[in-house]
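Working notes, structure below.
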Amino acid sequence: MSGRKQRAAPRTPRSGPLPAETLPGLSESELRRYSRHLLLPEVGAEGQRRLKHGKALIVGAGGLGSPSSLYLAAAGVGVVGLVDFDRVAESNLQRQVLYGTSDVGRPKLEAAEDRLKDLNPGVRVVRHDAELTATNALDIVAQYDVVLDGTDNYPARYLVNDACVVLGKPDVFGSVYRFEGQVSVFHAPQGPCYRCLFPEPPPPEAAPSCAEAGVLGVLPGLVGMIQATEAVKILLGKGTPLVGRLLLIDSLEMRFKELTIERDKSCLRCSRRHRQDPIEVVAAACDPADSASPLLTEITAVELHRELAGPSPPLLVDVRDPAEFAINRLPGAVLIPLRDLGERSGELRDATSVVVYCKMGGRSARATRLLLDLGFRRVRTLRGGLEEWAERVDPSIPRY
Amino acid sequence: MPVSEIQVPSPLRAVTKGASSVKALGGTVGLALRDFARSDGSVNAFLFNPEGRLRRSVAVFLNGVDVRNLDGEETVVREGDILSIVPALAGG
C-alpha cells in the first residue's frame, strides 16, 4: 500500500437500528437452526431477525478473519463481506482455520466463500477481492453495519479506522503478536477511535511483525472470536460493547487486562474538526533522523551475492533467533540474536564490512541502527532479508 | 527513589528474557521508562523517537490510566505503581 494521498468523498452516517416490524422473518428451517439463540431472551426471534438483516464486513481473511467469519456465518448474520486479495499459503494453515490443506494456492476469498456457504447457505457472502485503499474504502465500508478489522499491517488498520469514523460505523479491532492480543471497539464519536490510542504507526524498525516474530496459532482464534462476539452484540443492540476499553490478552500467562481509553479531543481523525476530512493512506511513520541519515544503508540480495563472491566479502551477521537459524542461513554467517547484539557487538570490531540480515529485513534494520549508534560505520542491512534472498538468488533454501 | 513495576509487552520481552514485568527506578513516568530503556538500546528505540519523546505508536498507562490524560512523561510515579506499555500491534 503506498503512502500517497488519495481522496474520497465523505459519506453520511447511517441512521439507527430498524424497527422490529421491518425486519425479515425466519423460516422453519431457520427456527430450527438458530434454536439455541432463540432461547436466549437477549436474542430471541427479534434478535435473530436483526442478525439476519445485519451486514458485517471483515477486512482481512487471515488469522483473525477466519474465526470471526465462521462464527458470524454460523450465527446467521445476513451478509458477511470479506476483503482480501491473497492466496492460501501452507504457512497460513497453522492458524487460519477457514482453510484446509486442499485450499493451498486458491484465492482466499474463493475458498472462504465455499466454506462459509457450506456452514450456512442462508448467509450471503460478498467477496471484495481487492486491497482496501483510500479510493475504495468508503464505498466498501458504507455497505455494512459493522466492520471487523482483521488486517495485518498498519496502513490498512488506519484506513479501516478512518473510513469507519467518516461513516460513523463501529470498528471492531483485533490484533495479535506472538502470545499477545489486543481487542477494542472503536466507535467515534461515542468513544475513541484507533488514532486516539495510537496517533501514528511505529517506524518500520520499531514495528513488530508476526511474519518475523511468529504468533501462537490459537491466539488469533481467541481474539477473532471476541471480535465476532462484539460484532454480534452490536448487531443485536445488546450488552456492553468494548467501546472506550482496550482488552489486553497475554496468552502465555493467560491473563486478561482491561484498560480505559478515552477520546482525544484533538484527534486528527475523530475530533469534530477533522471527522469528515478526506481519508488517505498512512505510510509507516519514518523518523526524520532515519531518512536523513546517510549511514543506514541497505544492500540487495543480488548485490550481496556478488560481494560474497568477490575479493573482500562482508561479515554476515544473522540476528534472528537460534530456532530460525537452525532452519536456514547464509553460508558463513555468524548468529547473534538481536537481543544479544548490544552485549556481543565487540565480536564485530575487527570486521571491515558487516551485512546484517534476518527473515524479512525488519530486525536487521533495527540491528543496523543499533550498531551505527554504537559507532560501527561499515554496516548494511539486507533488504527483504532471507525472503528476498530466496526470491532473487537461491530458491533452494528452506523457507518458513 | 520510588520503584515501580513496568508491564512489558511481547515485542520487548526478548530483552527481559521473557519476563512480563520488570522493576524500574524513577520518580516520573519518563524517568521510570528511561531506567527500563537503559537495559537495552532496542528498548530505547522502541519507546522513544530520535528527539527523545515517547513515540505516538506507544501508549503508556499508569495504574490503568493513559498518561496522556495525566501529565504525560512528567506524571509522578509512586512506590509500587504499575506502568503498562501498550504498543500498536498490527498482526492479524
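Here is the naming used below: chain letters follow the sequence lines, and residue numbers restart at 1 for every chain. Note that these values count all heavy atoms, side chains included, but never hydrogens, waters or copies made by symmetry.
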Hey, are the side chains of A:Arg366 and B:Ser42 touching, using non-hydrogen atoms and a 4.5 Å cut-off? no
Distance col, row B:Asp40:CG vs A:Leu338:CG, nearest 0.5 angstrom, shows 7.5 Å
On a heavy-atom basis, the closest approach of A:Pro202 and B:Ala88 is CD-CB, 4.4 Å
Practice item. Answer yes or no: does atom CD of A:Glu343 have more than 12 heavy-atom neighbours from other residues, nucleotides or ligands under 6.0 Å? Key: no
When rounded to the nearest 0.5 Å, the distance separating CZ of A:Arg178 from OG of B:Ser10 is 6.5 Å
Tightest non-hydrogen contact, residues B:Ala14 and A:Arg339, listed as O-CD, 3.4 Å
Taking every heavy atom of B:Gly91 against every heavy atom of A:Arg157, the minimum-distance pair comes out as O-NH2, 3.2 Å
Here the gap from A:Arg255 atom CZ to B:Ser20 atom OG, rounded to the nearest 0.5 Å, amounts to 6.0 Å
CD (A:Glu200) and CG (B:Asn49) are apart, to the nearest 0.5 Å, by 8.5 Å
Rounding to 0.5 Å, atoms CZ (B:Arg13) and CG (A:Asp250) come to a distance of 4.5 Å
Across all chains, not counting sequence neighbours, the ring pair (Phe, Tyr, Trp, His ring centres under 6.0 Å) partners of A:Tyr158 are A:Tyr194
By residue number, those in residues 59-71 of chain B with heavy atoms under 4.5 Å from heavy atoms of chain A are B:Ala59, B:Phe61, B:Gly64, B:Arg68, B:Asn69
